[in-house]
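Note on naming: letters A, B, ... go to the chains in the order of the sequence lines (proteins, then strands), and numbering restarts at 1 for each one.
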Amino acid sequence: MPELPEVETVCRSLRPHLVGRKISHIEVIEARLRAPIDEGALAQLVGRKIVAIGRKGKYILIRLDGGKVWVFHLGMSGKLVCLASKTALRKHDHIVVQLNRGGEFRYHDPRRFGISLVTTTDALGELAQLRRLGVDPFDPELTGAYLFHFTRSSHRRIRDLLFDQQIIAGLGNIYANEVLFLTGVKPAARAYRLTRKQVQRIAETIPELLRQAIRWCGTSFSDYRDADDKRGAFQNHLRVYDRDGEACRVCPSIIKRISLGNRSAFYCPSCQK
DNA sequence: CGGTGGACCTGCTGGC
DNA sequence: TGCCAGCAGGTCCACC
């Protein structure tokens, strides 16, 4: 579900509800996520105040006083939603967190591909999951030269390389396909065949596209929602993703869908070479 | 080593 | 209407 714009939107919508609030109770209903939830570690968060919420790549970092950090990854179908206390439990609500002075938030995830783990500010840098992440798309380190270093020596398809989190942390299948449309490159192109100039354009376009998607609060097909359970609107602005059979927004061609690896790729056969 | 394909899990859609 | 195959925004690991 969630790529960087959706994760960023979730962080922004969580902040007004959570920052400055104290956790008064945590209940785990289903511990079997991608890795089992460590309930002992969660118990140590009770009584602490949430001081900041941020993200690294697609990971959400909830920082608490005393140096604790609660890390979430939403997987494909995870949601963090804020609710009034005593709202009836729904199917797939796996963690329920009560706040002092009322209110709560929940981790909800039908497919259970998500992650919840607890660490400390000091140990954050050693977390394997975070350590292997590449540059953030908004980091000035994401330059044409940085990306070309990877593309020039790789025989992978460019679409696959763009959503490799070890290279750029934040793109998934939607935005990788969209960037390639905006830069006129076919998703199946082998990375090493791209010119320096094409790669430069891709590197420049990535933050522009993501900024635009964040402005629309992300892309909602079926399950993605922010912390207020609101949908994003960027699905109305997608150029190729999920638009196979429809007209290209730029030329008269019809958008095609192909299977690359185990994921669909979408492109315009005349705008993309 | 780099690259690919499958596994993990539930729910929805479309074809028959 | 019902059933079943195929597919979904992500990540990781075994295998060639």
*Asks:* Output all residues satisfying side chain to side chain donor-acceptor pair (under 3.5 Å) with A/Q129, sequence neighbours left out; order by chain, then residue number.
*Replies:* none
*Asks:* Using 0.5 Å steps for rounding, measure from the CZ atom of A/R215 to the NE2 atom of A/H237.
*Replies:* 10.5 Å
*Asks:* By a strict heavy-atom criterion of less than 4.0 Å, which residues belonging to residues 177-187 of chain A are in contact with DNA chain B?
*Replies:* none
*Asks:* Please tell me if A/S264 has a side-chain N or O lying less than 4.0 Å from either OP1 or OP2 of C/dA8.
*Replies:* yes
*Asks:* Before giving the answer on ring pair (Phe, Tyr, Trp, His ring centres under 6.0 Å), spell out for A/F148 and A/Y192 the whole-Å C-alpha distance, their side-chain angles and the decisive distance to 0.1 Å.
*Replies:* CA-CA 9 Å; A/F148 192 65; A/Y192 74 99; over 10 Å; no
*Asks:* Atom CZ of A/R225 and atom P of C/dG9: how far apart are they, to the nearest Å?
*Replies:* 16 Å
*Asks:* Short of 4.0 Å, heavy atom to strand atom, which residues of residues 105-114 of chain A count as contacting DNA chain C?
*Replies:* A/R111, A/F113
*Asks:* What parts of residues 127-135 of chain A reach DNA chain C, counting only heavy atoms under 4.0 Å away?
*Replies:* A/Q129, A/R132
*Asks:* Kindly determine whether A/R55 and A/E8 satisfy salt bridge (charged side-chain N to carboxylate O under 4.0 Å, His left out), including the steps that lead there.
*Replies:* CA-CA 7 Å; A/R55 62 154 188 89; A/E8 179 63 32; 2.9 Å; yes
*Asks:* What orientation do A/H92 and A/H108 show, parallel under 30°, tilted 30 to 60°, or perpendicular over 60°?
*Replies:* perpendicular
*Asks:* Could you give me the CA-CA distance, side-chain angles and deciding distance for A/R156 and A/D164, then say whether salt bridge (charged side-chain N to carboxylate O under 4.0 Å, His left out) is met?
*Replies:* CA-CA 11 Å; A/R156 298 164 74 188; A/D164 182 340; 2.8 Å; yes
*Asks:* Using the P atoms only, state how far C/dT11 lies from B/dC1, rounded to an integer number of Å.
*Replies:* 23 Å
*Asks:* For the pair made of CG in A/D226 and C1' in C/dG9, what is the distance, rounded to whole Å?
*Replies:* 16 Å
*Asks:* Centres of the A/Y224 and A/F234 rings: under 6.0 Å?
*Replies:* no
*Asks:* Any sub-3.5 Å donor-acceptor pair from A/Q200's side-chain atoms to A/A145's backbone N or O?
*Replies:* no
*Asks:* May I ask you to say what A/R32 touches in the nucleic acid, namely base, sugar-phosphate or nothing, with a heavy-atom cut-off under 4.0 Å?
*Replies:* nothing
*Asks:* In whole Å, what is the span from the CG atom of A/N173 to the P atom of C/dG10?
*Replies:* 7 Å
*Asks:* Look at all strands and tell whether A/Y175 reaches a base, only sugar-phosphate, or nothing, counting heavy atoms closer than 4.0 Å.
*Replies:* nothing
*Asks:* Determine the Euclidean distance between corresponding P atoms of C/dG9 and B/dG3; express it in Å to zero decimal places.
*Replies:* 22 Å
*Asks:* Tell me every residue that passes ring pair (Phe, Tyr, Trp, His ring centres under 6.0 Å) with A/F150, counting only those two or more places apart in sequence or in another chain.
*Replies:* A/Y146
*Asks:* For residues 33-41 of chain A, which side-chain donor-acceptor pairs fall under 3.5 Å, sequence neighbours excluded?
*Replies:*
{"unit_1": "A/R34", "atom_1": "NE", "unit_2": "A/F113", "atom_2": "O", "d": "3.1"}
{"unit_1": "A/D38", "atom_1": "OD1", "unit_2": "A/G40", "atom_2": "N", "d": "3.1"}
{"unit_1": "A/D38", "atom_1": "OD1", "unit_2": "A/A41", "atom_2": "N", "d": "3.1"}

*Asks:* Between protein and nucleotides 14-16 of chain C, what N or O pairs are separated by less than 3.5 Å?
*Replies:*
none

*Asks:* Output the rounded distance in Å from CG (A/D160) to P (C/dC12).
*Replies:* 16 Å
*Asks:* Report, one line per pair, each donor and acceptor closer than 3.5 Å where one atom sits in a side chain of residues 43-50 of chain A; sequence neighbours left out.
*Replies:*
{"unit_1": "A/Q44", "atom_1": "OE1", "unit_2": "A/K68", "atom_2": "NZ", "d": "2.7"}
{"unit_1": "A/R48", "atom_1": "NE", "unit_2": "A/Q44", "atom_2": "O", "d": "2.7"}
{"unit_1": "A/R48", "atom_1": "NH1", "unit_2": "A/D65", "atom_2": "O", "d": "3.2"}

*Asks:* Verify whether one side chain among A/N173 and A/R159 offers a donor that lies under 3.5 Å from an acceptor in the other.
*Replies:* yes
*Asks:* Under 3.5 Å, is there a donor-acceptor pair linking the side chains of A/Q212 and A/E208?
*Replies:* no
*Asks:* Go through A/D223 and A/S77 one step at a time and tell me if the side-chain hydrogen bond (donor to acceptor under 3.5 Å, both in side chains) criterion holds.
*Replies:* CA-CA 7 Å; A/D223 26 29; A/S77 56; 5.1 Å; no
*Asks:* Which part of the nucleic acid, if any, lies within reach of A/S222 when heavy atoms closer than 4.0 Å are counted: base, sugar-phosphate only, or nothing?
*Replies:* base
*Asks:* Report yes if at least one side-chain N or O of A/K58 is closer than 4.0 Å to OP1 or OP2 of C/dT11; otherwise report no.
*Replies:* yes
*Asks:* Under 3.5 Å, which donor-acceptor pairs do the side chains of residues 264-273 of chain A form with other protein atoms, sequence neighbours left out?
*Replies:*
{"unit_1": "A/S264", "atom_1": "OG", "unit_2": "A/R257", "atom_2": "NE", "d": "3.3"}
{"unit_1": "A/S264", "atom_1": "OG", "unit_2": "A/R257", "atom_2": "NH2", "d": "3.2"}
{"unit_1": "A/S270", "atom_1": "OG", "unit_2": "A/S253", "atom_2": "OG", "d": "2.4"}
{"unit_1": "A/Q272", "atom_1": "OE1", "unit_2": "A/C268", "atom_2": "N", "d": "2.8"}
{"unit_1": "A/Q272", "atom_1": "NE2", "unit_2": "A/L180", "atom_2": "O", "d": "3.3"}
{"unit_1": "A/Q272", "atom_1": "NE2", "unit_2": "A/V185", "atom_2": "O", "d": "2.7"}
{"unit_1": "A/K273", "atom_1": "NZ", "unit_2": "A/S270", "atom_2": "O", "d": "3.3"}

*Asks:* Looking at A/I53, A/V97, A/I60, which one forms a side chain to side chain contact (heavy atoms under 4.5 Å, CB included) with A/W70?
*Replies:* A/V97
*Asks:* Other hydrophobic cluster members with A/L130, side-chain heavy atoms of Ile/Leu/Val/Met/Phe/Trp/Tyr under 4.5 Å, chained?
*Replies:* A/Y59, A/L61, A/V69, A/V71, A/I115, A/L117, A/L124, A/L127, A/L133
*Asks:* Let me know the distance between CZ of A/R257 and P of C/dC7, rounded to the nearest Å.
*Replies:* 8 Å
*Asks:* Any donor-acceptor pair under 3.5 Å linking the side chain of A/R225 with the backbone of A/S222?
*Replies:* yes
*Asks:* Rounded to the nearest angstrom, tell me the gap between atom CG in A/N262 and atom P in C/dG10.
*Replies:* 14 Å
*Asks:* Using chain A heavy atoms and a threshold of under 4.0 Å, write down where along DNA chain B the contacts begin and end, 5' to 3'.
*Replies:* B/dG3 to B/dG11
*Asks:* So, A/R90 and A/D93, do they make that salt bridge, N to O below 4.0 Å?
*Replies:* yes
*Asks:* I'd like the P distance from B/dC9 over to C/dC3, given in whole Å.
*Replies:* 24 Å
*Asks:* Could you give the CZ-to-C1' distance, from A/F72 to C/dT11, as a whole number of Å?
*Replies:* 18 Å
*Asks:* Tell me if the CZ atom of A/R152 is crowded by more than 12 foreign heavy atoms within 6.0 Å.
*Replies:* no
*Asks:* Check DNA chain B for consecutive Watson-Crick or G-U pairs with both distances under 3.5 Å and list the runs of at least three as stems.
*Replies:* B:2-8 with C:10-16, B:10-16 with C:2-8
*Asks:* Just how far, in rounded Å, is C1' of C/dA8 from CZ of A/F266?
*Replies:* 10 Å
